[in-house]
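We count ligands from 1, going down the list as the structure has it; atoms in each ligand are counted the same way.
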Amino acid sequence: MGKILITGGAGFIGSNLTEYFLNKGFEVVCLDNFSTGHRHNIEPFLKNPNYKLIEGSICDLEICRAAVENADYVLHQAALGSVPRSINDPITSNEVNVSGFLNMLVAARDAKVKRFVYAASSSTYGDSAALPKVEEVIGKPLSPYAITKYVNELYADVFSKTYGIECIGLRYFNVFGRRQDPNGTYAAVIPLFVKQLMNHQSPKINGTGDYSRDFTYIDNVIQMNELAMLTNNPEAINTVYNTAVGDRTTLNDLVTYIKKYLTEYDEKIADVEVIHGPNRVGDIPHSLASIDKAKNLLGYNPTHPIEKGLKEAITWYWENLK
Ligand SMILES: NC(=O)c1ccc[n+]([C@@H]2O[C@H](COP(=O)([O-])OP(=O)(O)OC[C@H]3O[C@@H](n4cnc5c(N)ncnc54)[C@H](O)[C@@H]3O)[C@@H](O)[C@H]2O)c1
């Protein structure tokens, strides 16, 4: 089948990619320094003979070189996520997300991998108010994190033109699903709200709750990674794709769905009140992707609209957090 290096393989998206590709018969090497990832995410793979863990940082070029040796593909997920984290500490976000990315590109180029697929971000749309978001129209970045993710795209483009390495960037839109971390200062909204409601604590919505996002279930993201990694369409490579569902949900509706599905397990959750705080700096009001490019060039067909994804995710959280 082939060998895949998954950087950030102990994180939310990386561990889901690992599980999927091990099940398909690929060899998987995971490079992770456990800065935001967890050992419990990779525990099920450790006994698999097709799995290898390399503990180390993408900020170390020699470690990147060792990790990518003999790999056919790279799925580069390692980065420091979260807009607020990058606002609090832009230097570390830049070191990992930009210098670490460049290390991985150089290592992948020298190892002559067949393809370098990387986690880009919808934050690259910045202050552009246009909806739906189409890949070619972006605004100015609104955070240090957004800058780092846009710089990734610029480097990948230049590397493909200069050195001939095949790169594809996937602009993820608010991904959610099993194994996404509900804990910590920078937890994403869905696992945070699920955990709070499970504990009968009030979730806090920033603003009135009419802001909307294109929440994207992990299985759709796995599909995009597989399509990007294996496509034979020469027009589909050396570019970026929105990785989303093409539908948007307000924060108020999101909480309504989460409460509805959690109430199936614990009816008291229906009575937990939602509270509202001020809008967060750097938040854009609405985000909605056009997924036409991925459909046309990669044959993408998302399997999980938000409600189906939320139902599956909540089942997982109930079984694993309770
Ligand atoms: N989750 C989302 O909604 C979303 C949206 C847009 C983009 N992304 C991008 O997708 C990727 C994966 O995100 P995630 O949600 O799985 O986050 P995550 O924090 O769960 O996973 C990131 C992983 O990278 C590892 N890592 C961080 N710094 C590292 C370093 N220096 N060396 C090696 N490993 C390192 C972490 O330990 C962690 O396991 C990131 O690049 C992120 O920016 C995620």
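Residues Arg178 and Tyr217 have side chains that bring a donor and an acceptor to within less than 3.5 angstrom of each other. Side-chain contact check for Tyr265 and Thr315: at least one donor-acceptor pair (N or O, by modelled atom type) lies under 3.5 Å. Side-chain contact check for Thr231 and Asn233: no donor-acceptor pair (N or O, by modelled atom type) lies under 3.5 Å.
Ring-plane geometry between Phe176 and Phe215 is classed as perpendicular, the angle between the planes exceeding 60 degrees on a 0 to 90 degree scale with a lower cut at 30.
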Could you pull out every N or O of ligand 1 that sits under 3.5 Å from a protein N or O, with the distance for each pair?
{"from": "ligand 1", "atom 1": "3 (O)", "to": "Val175", "atom 2": "N", "distance (Å)": "2.8"}
{"from": "ligand 1", "atom 1": "16 (O)", "to": "Phe12", "atom 2": "N", "distance (Å)": "3.4"}
{"from": "ligand 1", "atom 1": "16 (O)", "to": "Ile13", "atom 2": "N", "distance (Å)": "2.8"}
{"from": "ligand 1", "atom 1": "19 (O)", "to": "Thr36", "atom 2": "OG1", "distance (Å)": "2.6"}
{"from": "ligand 1", "atom 1": "20 (O)", "to": "Phe12", "atom 2": "N", "distance (Å)": "2.8"}
{"from": "ligand 1", "atom 1": "28 (N)", "to": "Ser35", "atom 2": "OG", "distance (Å)": "3.3"}
{"from": "ligand 1", "atom 1": "31 (N)", "to": "Asn33", "atom 2": "ND2", "distance (Å)": "3.4"}
{"from": "ligand 1", "atom 1": "31 (N)", "to": "Ser57", "atom 2": "OG", "distance (Å)": "3.0"}
{"from": "ligand 1", "atom 1": "32 (N)", "to": "Ile58", "atom 2": "N", "distance (Å)": "3.0"}
{"from": "ligand 1", "atom 1": "34 (N)", "to": "Asn33", "atom 2": "N", "distance (Å)": "3.3"}
{"from": "ligand 1", "atom 1": "34 (N)", "to": "Asn33", "atom 2": "OD1", "distance (Å)": "3.4"}
{"from": "ligand 1", "atom 1": "37 (O)", "to": "Asp32", "atom 2": "OD1", "distance (Å)": "2.7"}
{"from": "ligand 1", "atom 1": "37 (O)", "to": "Ser35", "atom 2": "N", "distance (Å)": "3.1"}
{"from": "ligand 1", "atom 1": "37 (O)", "to": "Thr36", "atom 2": "N", "distance (Å)": "3.1"}
{"from": "ligand 1", "atom 1": "37 (O)", "to": "Gly37", "atom 2": "N", "distance (Å)": "2.9"}
{"from": "ligand 1", "atom 1": "39 (O)", "to": "Gly11", "atom 2": "N", "distance (Å)": "3.0"}
{"from": "ligand 1", "atom 1": "39 (O)", "to": "Asp32", "atom 2": "OD1", "distance (Å)": "3.3"}
{"from": "ligand 1", "atom 1": "39 (O)", "to": "Asp32", "atom 2": "OD2", "distance (Å)": "2.6"}
{"from": "ligand 1", "atom 1": "39 (O)", "to": "Gly37", "atom 2": "N", "distance (Å)": "3.3"}
{"from": "ligand 1", "atom 1": "41 (O)", "to": "Gln77", "atom 2": "O", "distance (Å)": "2.8"}
{"from": "ligand 1", "atom 1": "41 (O)", "to": "Lys149", "atom 2": "NZ", "distance (Å)": "2.8"}
{"from": "ligand 1", "atom 1": "43 (O)", "to": "Tyr145", "atom 2": "OH", "distance (Å)": "2.7"}
{"from": "ligand 1", "atom 1": "43 (O)", "to": "Lys149", "atom 2": "NZ", "distance (Å)": "3.1"}

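With salt bridges taken as basic N to acidic carboxylate O contacts below 4.0 Å, none links Arg85 and Asp89. With respect to the salt-bridge test (charged N to carboxylate O, under 4.0 angstrom), the residues Asp72 and Lys114 qualify.
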